[in-house]
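Quick caveat: nothing in here was measured; it's all calculated off a predicted structure.
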Amino acid sequence: MRQFFAIFGIPLGWLMNAIYGIVNNYGITLIIFAVLFKLLMVPLGIKQQKAMIANARIQPLMAEIQRKYAKNRQKMAEEMQALYAREHFSPYSSCLPMLVQFPILMGMLDVVYYPIKHMLRIPAEAINKAVGVATEILGADVVAKAYSKEICVLQAIKMNPAPFVDALGEETAGVISSFDFSMFGLFLGEQPTPTPGGKPLGLYLALLAIPILSGLTSLWMSKLTMSGTSSEDNQAANAMSKSMLMMMPLMSVWIAFVVPAGVGIYWLISNILSGIQSLVLNKYMNPKEMAAKAKQEAEERVQKEREERIAARKEARERKAAGLSVEDEKGLSQKELNRKKLAEARKRDALKYGEEYKED
């Protein structure tokens, strides 16, 4: 699994290494990377918003099909596919940004697990030597149970740099020792835990704040999404939105507990940026408002078609009463048609009152 993550970690490592070379702080590097990534995702975010609008707009049509063909699943599926084709809609288009974000998260996990490899570009042979020194300092059990041996190296070299200088040389040991793998004083290799587990209270609370804030920001982001897509016409869609409202925050909390603080902070920042993007897009491209507008336009169109059908039936009755057929009307002007209708009316009156009718 780690090798799979490395596929995405290598390009991200190069990019984050370039950012770190400018700011010289891993935490700030995470923030800048998250902002850059979110900016690159803006076109996909707009596409997702349009897909949400299209989905909200066709919900009433889908509900009507489901009601009409409730007892015929095959016909319902056929009508749904015809509706999608007619509206140029794909039910999976809104999932694309999430599918793109998942490998980025996996790549971030690899970069955080292997900071010496990705961020410092230290050769594998030197890293193995550094891990051996860290094992002597921290103990074999500690390093064996750690999720990242390279993070153990960063912890051990802060405790006792001398053995690393002897094993790696002053230059390499200096590069590793000077690496700032922190954010506002918090070492990003630490992992949040539900209980202190021997950690100092301040460190424990700081780490615990990461999953809590991840869950809260995810809840905020989900509420923004739900406020723009809820529909009174589709109870099933609303039920799904409510389930997502609970699932996404819980997933964010879980992710922040099972990964190092660096990945949790990236996820937290990503949630905040996604929420800001939703606020902006909902202001200018609100799915709920556009769906309501589309529904009103559809109702007006149906009403107009109904009025046109009524007018056509009325005109047909008048033609029938006047003894006119469609063939009779071809090639005649409106004036001639009116004159013919008037003549037919006079003829009927003459027959009704027993008078003689002479055609003009």
Quiz item: Out of curiosity, Ile212 CD1 to Phe257 CZ, how far, rounded to the nearest 0.5 Å?
Solution: 6.5 Å
Quiz item: Is atom CD of Glu78 surrounded by more than 12 heavy atoms (other residues, nucleotides or ligands) closer than 6.0 Å?
Solution: yes
Quiz item: Hey, are the side chains of Thr217 and Trp267 touching, using non-hydrogen atoms and a 4.5 Å cut-off?
Solution: no
Quiz item: With a 4.5 Å limit on heavy-atom distance, are the side chains of Val253 and Pro211 in contact?
Solution: yes
Self-check item: Nearest heavy-atom neighbours spanning Gly21 and Asn24
Solution: O-OD1, 4.0 Å
Quiz item: Which atom names give the shortest non-hydrogen contact between Ser214 and Gly264, and what distance separates them?
Solution: OG-O, 3.8 Å
Practice problem: Taking all non-hydrogen atoms of both residues into account, name the closest pair between Ala134 and Phe164 and its distance. | Solution: N-CZ, 3.9 Å
Quiz item: Between Leu154 and Phe187, is a side chain to side chain contact (heavy atoms under 4.5 Å, CB included) present by the stated rule, with each step listed?
Solution: CA-CA 10 Å; Leu154 296 177; Phe187 184 71; 4.0 Å; yes
Self-check item: Member of Ile122, Ile127, Leu120 meeting the side chain to side chain contact (heavy atoms under 4.5 Å, CB included) criterion with Thr172
Solution: Ile122
Quiz item: Does the side chain of Leu40 reach to within under 4.5 Å of the side chain of Leu36, using non-hydrogen atoms?
Solution: no
Quiz item: Less than 4.5 Å apart, any side-chain heavy atom of Ile32 and any of Ile22?
Solution: no
Practice problem: Just do the side chain to side chain contact (heavy atoms under 4.5 Å, CB included) check on Leu281 and Ile46 with the steps written out, would you? | Solution: CA-CA 7 Å; Leu281 290 178; Ile46 294 174; 4.0 Å; yes
Quiz item: Between Phe37 and Phe33, what is the ring plane arrangement, given parallel below 30°, perpendicular above 60°, and tilted in between?
Solution: parallel
Self-check item: Shortest non-hydrogen contact from Ala261 toward Leu207
Solution: CB-CD2, 3.9 Å
Quiz item: Are more than 12 heavy atoms from other residues, nucleotides or ligands located less than 6.0 Å from atom NZ of Lys38?
Solution: yes
Exercise. State whether the number of non-hydrogen atoms from other residues, nucleotides or ligands found under 6.0 Å of Glu308 atom CD is greater than 12.
Key: yes
Practice problem: Would you give the length of the straight line joining atom CD1 of Ile10 to atom CG of Asp110, rounded to the nearest 0.5 angstrom? | Solution: 7.5 Å
Quiz prompt | Contact check, side chains of Asn25 and Ser182, non-hydrogen atoms, under 4.5 Å | solution = yes
Practice problem: Specify whether Tyr26 and Phe179 have parallel, tilted or perpendicular ring planes, treating 30° as the upper limit for parallel and 60° as the lower limit for perpendicular. | Solution: perpendicular
Quiz item: So do Asn17 and His118 actually touch side chain to side chain, heavy atoms under 4.5 Å?
Solution: no
Quiz item: Where is the tightest heavy-atom contact between Met119 and Met16, given as atom of each residue plus distance?
Solution: CE-O, 3.4 Å
Self-check item: Check ion pair Lys304-Glu300 (N to O, under 4.0 angstrom)
Solution: no
Exercise. Give the intermediate values and the outcome of side chain to side chain contact (heavy atoms under 4.5 Å, CB included) for residues Ile265 and Ile269.
Key: CA-CA 6 Å; Ile265 288 177; Ile269 296 169; 3.7 Å; yes
Quiz prompt | Criterion side chain to side chain contact (heavy atoms under 4.5 Å, CB included) on Val112 and Phe181, from CA distance to verdict | solution = CA-CA 9 Å; Val112 174; Phe181 196 67; 4.1 Å; yes
Quiz item: Which heavy-atom pair separates Trp220 from Ile272 by the least distance, and what is that distance?
Solution: CZ3-O, 3.8 Å
Self-check item: Inter-residue atom distance Leu12.CG - Ile7.CD1, 0.5 Å rounding
Solution: 12.5 Å
